[in-house]
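Okay, so here's the structure we're looking at.
We name chains A, B, ... by the order of the sequence lines, and we start the count at 1 in each one.
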Amino acid sequence: MADRYSFSLTTFSPSGKLVQIEYALNAVNQGVTALGIKATNGIVLATEKKSSSPLADPTSLSKISLITPNIGMVYSGMGPDYRVLVDRARKVSHTGYKRIYNEYPPTRILVQDVAREMQEATQSGGVRPYGVSLLIAGWDEGVLPEEEVEALAAKAAAGKEDDGEKKKITGKTGGILKGGPMLYQVDPSGSYFPWKATAIGKSATTAKTFLEKRYTEGLELEDAVHIALLTLKETIEGEMSGETIEIGIVGPPADHLLGVEGVEGARGPRFRKLTPQEIEDYLTNL
Amino acid sequence: MEVLLGITGKDFTLIAASKAAMRGATILKASDDKTRQLNKHTLMAFSGEAGDTVQFAEYIQANAQLYSMRNETDLSPSALANFVRGELAHSLRSRKPYNVNLLLGGVDPITHKPSLYWLDYLAALAPLPYAAHGYAQYYCLSILDKHHHPDITLGQGIKLLTLCTDELKRRLPVDFKGMTVKAVTKDGIVDIEFDDDKVVKSA
Amino acid sequence: MSGIFAINGGACVAMVGKDCVAIACDLRLGLQALTVSNNFPKIFQYGDVFLGLTGLATDVSTVSDLFRYKVNMYRLREERDIAPRTFANLVSSTLYEKRFGPYFVGPVVAGLEPKTGEPFICGFDSIGCIDFAKDFIVSGTATDQLFGMCESLWEPNLGPEDLFETISQALLNAVDRDALSGWGAHIYIIEKDKVTKRLLKGRQD
């Protein structure tokens, strides 16, 4: 009988607030800071990897996760809740997409699926909201931003003689065939936002102020990694090293991670985590 | 050996169905009405397995009427035809499919365009100018191919129907006890007096 | 002449040309040897992708309606039209979902890749096994005849006009040797920014 009736734990307060969601956000705001910066040719996700004891093995800790070959994510908040969401995201990207279309979901679709999962936890019976905010970074196939500018310019040039129906770049519903790097934040309420650069967690406000100062249009991935480390440096408590920093990037296809060579048309994953050694290299150049 | 016939014309759709209710070699009734009115402008004729036919037709009829009551507007003949097709297609892949063949005739309440839809028990749907089900197809379609025009009047339609029933009386090995004939026009559905007693000599 | 796929009859063919593709079908709907309708098209357009369906007429309608629903939902979700290759995989997974109670259809997909404009055609069996082809795909009760016609008439890099002539002759002459298909045809020529649909009368006997 108990399982036949269950009510949502998240209910409106008389003032119209859902306090459970606010509590979840509080949990996020106590979490370790994570940040993401979008560049023209990629994205960087970065966070601090804090171990509670010097006896802990830092190599076993991992906060940035691969979801599909081109999409990865990082969190701030409760680690166990994050792992559940990673599992759900990986599963839904296959059952809800790859097994149907034989291709991986675009970033926005994956983000919406994860956001739906998080929203459902605010309205379903017997569950509590997820205590995490996510940064999801991915690369979508489609018309790249610079190609779009070129196409627009070409159209404007050709516009005089032929104003007729040129082949459209946009979809039929007024939507987009937009490709390139995509960076999203998802909150416990299930709302999501696209960002050029943002941060979540304990020092999110400080980090975002810093990013606002440092971010410029037309940023390259290498610069973005640099800015990410500088931002992290502002907020970090311990020392920065390959062991204590975690970085994930969306960049050019990493064919060396393919495991095979000479397969025609095979493309390596665009999302990959930097090795401690690579991070150290960036840190020495800081 | 049930007979279903449908003919469209300029401003009407004629639906005719044989009056005999048969079971095996026995005629149980000679005044059977194998049609149901779905709404003011749509009529459905049916043939097939004994229990299924009326059951399915009245299920469709009830749903069509429910729609009209809820929405204070009738479904168009094409909407109804596609609804019936959906129900029949659903039934086809069930444990016990309905074995019903249908003709659905109507006049669109807005455009006043007459229409006729042919559906078999597999839920194959075809919009046609004239149609038949069962053995009648083999005898009547060729006659209709030759004599039908899309802009015939109701009188010409009934003459064409007589041409068909004469041939059926001449060729079918059993007496189908004449036809119930109804015409759908923009003003609704009217019963058509049809001479069932006409004797046609066999060849 | 027997079997579920041949009850209603019908034929469909798709061909690759130079920067264009063509897809064509007959218009017959029959019950064994009896023709019920000569206006039953078997090609359906979903955005920029074309799907031809031969086989059991009820499943042609059911499956075409199903994909209309799925493609419309895709378009609303993703705010873009579905690409031919993506659609082909959707057809495959949808058909295989009914592995042990299949739809009795022989689908054909044709379209141009949206980004590259590259021609794309493929065919399927009734449980979704994809047959990617560089030249042509045939389907329906006139499969044998269509294979013969396509093998002899098709050549690489045909322009839109020549492709139209080729596919028309292939279909028309194939269905004339099949008792279960014919009675007119629909031909679609798909180019980068233009789709031409032509109705061919064909032999009416």
Side-chain angles (χ1 to χ4, degrees), chain B residues 3-8 47-48 56 78-104 115-146 148 150, chain C residues 2-10 25-42 44 53-69 94-95 97-105 126-127 140-141 180-184 186 201 203-205:
Chain B
V3 179
L4 297 184
L5 285 169
I7 300 170
T8 61
S47 67
F56 184 77
S78 80
L80 272 167
N82 282 100
F83 169 69
V84 177
R85 200 203 87 78
E87 292 298 318
L88 211 51
H90 184 72
S91 148
L92 184 70
R93 293 197 195 275
S94 70
R95 197 181 54 80
K96 177 85 174 52
Y98 282 114
N99 195 329
V100 190
N101 299 310
L102 304 157
L103 290 181
L104 199 139
S115 58
L116 174 67
Y117 293 90
W118 177 96
L119 274 141
D120 67 5
Y121 72 101
L122 296 169
L125 171 68
L128 296 168
Y130 47 86
H133 266 301
Y135 288 109
Q137 290 181 106
Y138 299 107
Y139 301 112
C140 303
L141 290 188
S142 47
I143 293 171
L144 291 161
D145 280 342
K146 188 169 170 65
H148 182 268
Chain C
S2 64
I4 303 178
F5 287 94
I7 293 174
N8 303 115
C25 69
D26 74 333
L27 294 180
R28 182 179 181 270
L29 170 81
L31 270 183
Q32 317 269 43
L34 175 83
T35 298
V36 172
S37 171
N38 51 12
N39 189 18
F40 190 81
K42 296 160 189 75
F44 307 91
L53 289 166
T54 62
L56 193 67
T58 181
D59 286 348
V60 170
S61 303
T62 305
V63 169
S64 63
D65 288 356
L66 180 65
F67 283 120
R68 186 181 56 196
Y69 162 73
T94 305
L95 291 181
E97 231 168 56
K98 295 269 185 285
R99 169 61 179 81
F100 298 109
Y103 294 118
F104 298 101
V105 288
S126 60
I127 54 170
T141 53
L180 300 184
S181 25
W183 290 77
H186 279 182
K201 194 89 178 127
R203 279 177 67 141
Q204 298 284 318
D205 58 5

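At a 4.5 Å heavy-atom cutoff, the contact between B:Leu92 and chain C is made by side-chain atoms alone. Contacts between B:Asn82 and chain C at a heavy-atom distance below 4.5 Å are absent for every atom of the residue.
Atom CD of B:Gln137 and atom CH2 of B:Trp118 lie 6.0 Å apart (nearest 0.5 Å).
One finds a salt bridge joining C:Asp59 and B:Arg93 here, because a Lys/Arg side-chain nitrogen approaches an Asp/Glu carboxylate oxygen to under 4.0 Å.
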C:Arg28/C:Asp26 under salt bridge (charged side-chain N to carboxylate O under 4.0 Å, His left out): CA gap, chis, key distance, verdict: CA-CA 6 Å; C:Arg28 182 179 181 270; C:Asp26 74 333; over 6 Å; no

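Chain C forms the most heavy-atom pairs under 4.5 Å with one residue out of B:Leu125, B:Leu119, B:Leu141, B:Leu122, and that residue is B:Leu122.
Between B:Arg85 and C:Asp65 there is a side-chain heavy-atom pair separated by less than 4.5 Å.
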